[in-house]
2 protein chains.
Amino acid sequence: MSEPKDYLGHFEEIVLLAVMRLAENAYGAKIRQTVAEATERDVSIGAVYATLDRLERKGYLKSWQGEATPERGGRAKRYFRVEGAGVQALNDTNGARNRLAHGLDFGLDVA
Amino acid sequence: MSEPKDYLGHFEEIVLLAVMRLAENAYGAKIRQTVAEATERDVSIGAVYATLDRLERKGYLKSWQGEATPERGGRAKRYFRVEGAGVQALNDTNGARNRLAHGLDFGLDVA
DNA sequence: TTCCATATACTAGAATGTAGAACATAAGGT
DNA sequence: ACCTTATGTTCTACATTCTAGTATATGGAA
C-alpha cells in the first residue's frame, strides 16, 4: 500500500487554494489579498512568499517571471501555478479530515 | 465585526475532530489510534499528547482523570472533551478553507 | 533625478508538528 | 511475593511551519 502521505499545513493549504482559484492571475500580491479576504485577517506578504517558496520547493507549484515591462510601473510579477502533486496533496489533506469529520454535526458554516 | 479569528493547525484540527468523534470514549491511546487510521500513517503517542495539551491550554478542550480502577489493568485514563471554543475554532478554520475551495473542482475525494 | 507605487527577497523568532524514551499502574501466573 | 505483560500517560528535544518586519528591485511620473 503506498508511502505515507504528505499533508499540508493549514496556511499551505489556504495559499495553494488561493493560487488555484486565481488561475492565470496568481502572483504574490494578489495571492496575499485573496488569502486575506478568505481568512478575514491581515496576512503579511512575507508570510505568503515564504509559504509559496516552500510549496514550490516541494513541487506542489511552479513559478515563472511575468512580462519584463508591466503596464503601469513596478517590478515584474512572478506568477504561480499549482502542479499535479499539489492537487494530490490537497486531496490527501482533505481526505484525512473528511474521514474524521464525516457525519459529525458541529454546526458547519455552509457557505 | 470582531477580533481576528484563531485558526487551527492541520494536526490540531485532526486531533480535535478525533476527540469529537470518540465522544465519551476519548482518551489518549484511543485518540491516537483514531488519528492514525484517518491519516493512514503512524502517529506517535507523544505527538498526540503534546497537541492535546496545547489545545487544552488554549481552552479548546478539557480533560479529567478516569476511573481509578480500570477493568483489565493499566494506568487510569485521562479523558478529553471538546469545549465550545473548540467547536468555534473548528468552524472558523473550515470557513476560511470553504471560502476558497468553494466552486473549485480539483477532484475531491468525496468519502 | 527624486518620489511614488507595485512587487519580490530575506531574516528571525514564535508556534506547531513529531518522535521516542521514561514513568505509572494494575492483572495474572507461578 | 515477584516478575511479566498490557495499558496508558508524561517529559523532553528537535524539526518544520507560521508570521511579521525590513530591505531590495523596478518602472512611471512629477
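Chain naming here is simple, since letters A, B, ... match the order of the sequence lines and numbering starts at 1 in each.
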If we ignore hydrogens and angles and just use 3.5 Å, is the side chain of Arg21(A) paired with the main-chain N or O of His102(B) as donor and acceptor? yes

From CG of Leu55(A) across to C1' of dC18(D) the rounded distance in Å is 12 Å

Let me know the distance between CG of Leu8(B) and C1' of dA15(C), rounded to the nearest Å. 13 Å

NA contact type, Lys58(A), heavy-atom cut-off 4.0 Å: base, sugar-phosphate, or nothing? sugar-phosphate

How many Å lie between CD on Gln33(A) and C1' on dT6(C), as a whole number? 13 Å

For Arg78(B) and Gly28(B), indicate whether the former's side chain and the latter's backbone hold a donor-acceptor pair under 3.5 Å. no

dG17(C) P sits how many Å from Leu52(B) CG, rounded? 12 Å

In whole angstrom, give the distance that lies between atom CD of Glu13(A) and atom C1' of dT16(D). 17 Å

Proximal nucleotide (of dT19(D), dT10(D), dT16(C)) relative to the Glu12(B) side chain: dT16(C)

Under 4.0 Å between a side-chain N or O of Arg54(B) and OP1 or OP2 of dG17(C)? no

Check every strand shown and say whether Asp53(A) touches a base, only sugar-phosphate, or nothing at a heavy-atom separation below 4.0 Å. nothing

What about Arg32(B), does its side chain sit under 3.5 Å from the base of dG8(D) through a donor-acceptor pair? no

Ser44(B) has a side chain; which of dT24(D), dG20(C), dT17(D) sits nearest to it? dG20(C)

Phe11(A) side chain: which of dT17(D), dT19(D), dT18(C) is closest? dT19(D)

Give a yes or no on whether the backbone of Ala96(A) and the side-chain of Tyr7(A) come within a donor-acceptor separation of less than 3.5 Å. no

Minimum-distance nucleotide (side-chain atoms of Lys77(B) versus dT18(C), dG8(D), dA21(C)): dG8(D)

Specify the separation, in whole Å, of atom CG of Leu22(B) and atom P of dG8(D). 12 Å

Is a salt bridge present between Arg97(A) and Glu13(B), judged by a nitrogen-to-oxygen distance below 4.0 Å? yes

For Gly46(A) and for Tyr7(A), locate the closest nucleotide of DNA chain D by heavy-atom distance; then report the residue assigned to the nucleotide nearer the 5' terminus. Tyr7(A)

How would you label the contact of Arg57(B) with the nucleic acid (heavy atoms, under 4.0 Å): base, sugar-phosphate, or nothing? nothing

Pair Glu40(A)-Lys5(B), salt bridge (charged side-chain N to carboxylate O under 4.0 Å, His left out): steps then yes or no: CA-CA 8 Å; Glu40(A) 293 176 35; Lys5(B) 289 176 175 157; 3.3 Å; yes

Could you tell me the separation between the CD1 atom of Ile31(B) and the C1' atom of dT7(D), rounded to a whole number of Å? 15 Å

Nearest-angstrom distance from the residue atom CD of Glu56(A) to P of dT17(D): 15 Å

Gln65(B) atom CD, over 12 foreign heavy atoms within 6.0 Å: yes

Among dT18(C), dT19(D), dA7(C), the nucleotide that comes nearest once only the side chain of Tyr27(A) is considered: dA7(C)

What's the closest nucleotide to the side chain of Ala29(B) if the choices are dT17(D), dA19(C), dG8(D)? dG8(D)

First of Val48(B) and Ile45(B) reached from the 5' end of DNA chain C, by closest nucleotide: Val48(B)

Is there a side-chain polar atom (N or O) of Arg75(B) under 4.0 Å from OP1 or OP2 of dA6(D)? no

Among the nucleotides dT10(D), dT18(C), dA9(C), which one has an atom lying closest to any side-chain atom of Ala50(B)? dT18(C)

